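Quick caveat: nothing in here was measured; it's all calculated off a predicted structure.
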There are 2 protein chains.
Amino acid sequence: MEVKTLCLGALALGDATGYEIKKMFEDGVFGHFLEASYGSIYPALTKLTEDGLLTCTTQEQDGKPDKKIYSITPEGSAALSERLGEPVSEDKFRSDFLFVMVFAHFLPKAAVSRLIDDKIAGFQAEAEKLSSETGTIGTPGAEFIRRYGQTIMRASAECLEANRHLIEGPLPGQEKKEPAESLA
Amino acid sequence: MEVKTLCLGALALGDATGYEIKKMFEDGVFGHFLEASYGSIYPALTKLTEDGLLTCTTQEQDGKPDKKIYSITPEGSAALSERLGEPVSEDKFRSDFLFVMVFAHFLPKAAVSRLIDDKIAGFQAEAEKLSSETGTIGTPGAEFIRRYGQTIMRASAECLEANRHLIEGPLPGQEKKEPAESLA
DNA sequence: AACTTCATGTAACGAGTTACATGATTAT
DNA sequence: ATAATCATGTAACTCGTTACATGAAGTT
């Protein structure tokens, strides 16, 4: 999905500036499964406006550059519909972390454990973030994504915890005496 | 993670040709969370050999181009260890499908339902594939990845099925006035 | 006859990121 | 003081993909 289409979609949810669109791909719903940088958003916005798919209202500000608020036009909506109907590219899950795990025996044990701890914490934080976002965008689609994201993040964290012994070796508590993990 | 590192990793699992390495990123364990094309693998292999991180044995064949079997050198292993120790980039989950779901109301109902059906089938196929791969590579890391992948694929399929009503609207049979939001 | 598998390699092209340029305001 | 937020925009660069070139053997 090219950035132009993403911008069209973002603006279908309401008028926004380039800066705000970027935020939607950072913190907003989109942030969990898409990304876009200023370097791609601003040129896309310019191009879409030239093509009549957006209109732009400039709002003067003092100190800061003028705020350029973009709105989607009927042609823009039509274009979005069309692109949405085209076959979507496959979901892509890229993980350098998993690659490292395959070669965990190349690294010191403590480093591997830290990597796993951090990853689990990351998943939990992401799940947390998603649940706190409830109601940010009122659409069913957004709610769907929140639930989806939470499910995956929780499943990931649990699965990692349940199977970390495969890469770390058996837990100290399981190979000898009582578990030493008392910190809760 | 750049392709050079990926090749180094692939060859740490055993000698291989460029062609075979490509297969590992298509069908093998790596295929589920990484990708690389011939256009990046072959140049990477050449570069790594020049740098002394790999050695190359040419095996003549009739008809086909000579087979070039690469092996990792001690320096290559050292380089791999080093790169594995460097901070890994964040996991990236990119999904055009989810983007489309946010704007499902732009599409005909039947098209949306088909998209969802296909996606669920895809997740199930992927889970299936992962479970059939048991034992392909004997390492704990590979086993870990299989379990991880299966968990995620199954969770995805189930979650999609459980929440599809959010984007498709309530099921014909459930269309009543009762509070239908139970979350489970 | 046509397609897939095996097998390597290069050049053009694409799409987006990174870093830079600019600068006021507010928070730490 | 220092950093972050707000706000837009461009140019260079990176990295990789796509498509091409070549070609035999086996399969449908």
Less than 4.5 Å apart, any side-chain heavy atom of [X] and any of [Y]?
| X | Y | value |
| --- | --- | --- |
| Asp15(A) | Thr57(A) | no |
| Met153(A) | Glu128(A) | no |
| Val102(B) | Phe144(A) | no |

Practice item. State, without any angle test, whether Asp66(B) and Thr58(B) hold a side-chain donor-acceptor pair at a distance under 3.5 Å. Key: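 Distance-only check fails for Asp66(B) and Thr58(B).
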**Study point:** Toward the 5' end of DNA chain C, by each residue's nearest nucleotide, Pro65(A) or Glu2(A)
**Key:** Glu2(A)
Please report, rounded to the nearest Å, how far the [atom2] atom of [N] is from the [atom1] atom of [X].
| X | N | atom1 | atom2 | answer |
| --- | --- | --- | --- | --- |
| Asp66(B) | dT22(D) | CG | C1' | 14 Å |
| Glu60(B) | dC6(C) | CD | C1' | 17 Å |
| Gln59(A) | dC6(D) | CD | P | 15 Å |
| Lys4(A) | dA15(C) | NZ | C1' | 11 Å |
| Lys47(A) | dA15(C) | NZ | P | 11 Å |
| Lys22(B) | dT18(D) | NZ | C1' | 12 Å |
| Leu45(A) | dG16(C) | CG | P | 14 Å |
| Lys67(A) | dC6(D) | NZ | P | 9 Å |

Check your understanding: Nearest nucleotide by nearest heavy atom, which residue falls closer to the 5' end of DNA chain D, Thr17(A) or Arg94(A)?
Key -> Thr17(A)
**Study point:** Criterion side-chain contact (heavy atoms from CB on, under 4.5 Å) on Met101(B) and Ile116(B), from CA distance to verdict
**Key:** CA-CA 9 Å; Met101(B) 287 304 109; Ile116(B) 296 173; 4.0 Å; yes
Check your understanding: Who else is in the cluster with Tyr19(A) when I, L, V, M, F, W and Y are joined by side-chain contacts under 4.5 Å?
Key ->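 Direct or chained contacts put Tyr19(A) with Tyr38(A), Tyr42(A).
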Check your understanding: Given dA24(C), is OP1 or OP2 found less than 4.0 Å from the side-chain N or O atoms of Gln61(A)?
Key ->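 So the side-chain polar atoms of Gln61(A) never come under 4.0 Å of the phosphate oxygens OP1 or OP2 of dA24(C).
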Check your understanding: Should the ring pair Phe30(B) and Phe99(A) be called parallel, tilted or perpendicular, given that the plane angle runs from 0 to 90° and is split at 30 and 60?
Key ->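 Plane angle between 30° and 60°, so tilted.
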Point to revise | Expected output: side-chain Thr73(A) to main-chain Leu53(A) donor-acceptor under 3.5 Å | key: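 Yes; at least one donor-acceptor contact below 3.5 Å.
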Protein-nucleotides 26-28 of chain C N/O pairs under 3.5 Å:
none

Short N/O separations, protein against nucleotides 3-5 of chain D, under 3.5 angstrom:
none

Listing time: all N or O pairs from protein to nucleotides 9-14 of chain D that are below 3.5 Å?
| unit_1 | atom_1 | unit_2 | atom_2 | d |
| --- | --- | --- | --- | --- |
| dG9(D) | OP1 | Lys68(A) | NZ | 2.4 |

Practice item. Go through the structure and list residues passing side-chain hydrogen bond (donor to acceptor under 3.5 Å, both in side chains) with Asp27(B), not counting sequence neighbours. Key: none
Point to revise | Set of salt bridge (Lys or Arg N to Asp or Glu O under 4.0 Å) partners for Asp91(A), sequence neighbours left out | key: Lys119(B)
Exercise for review: Output the distance between atom CZ (Phe103(B)) and atom OG (Ser77(A)), rounded to the nearest 0.5 Å.
Suggested key: 10.5 Å
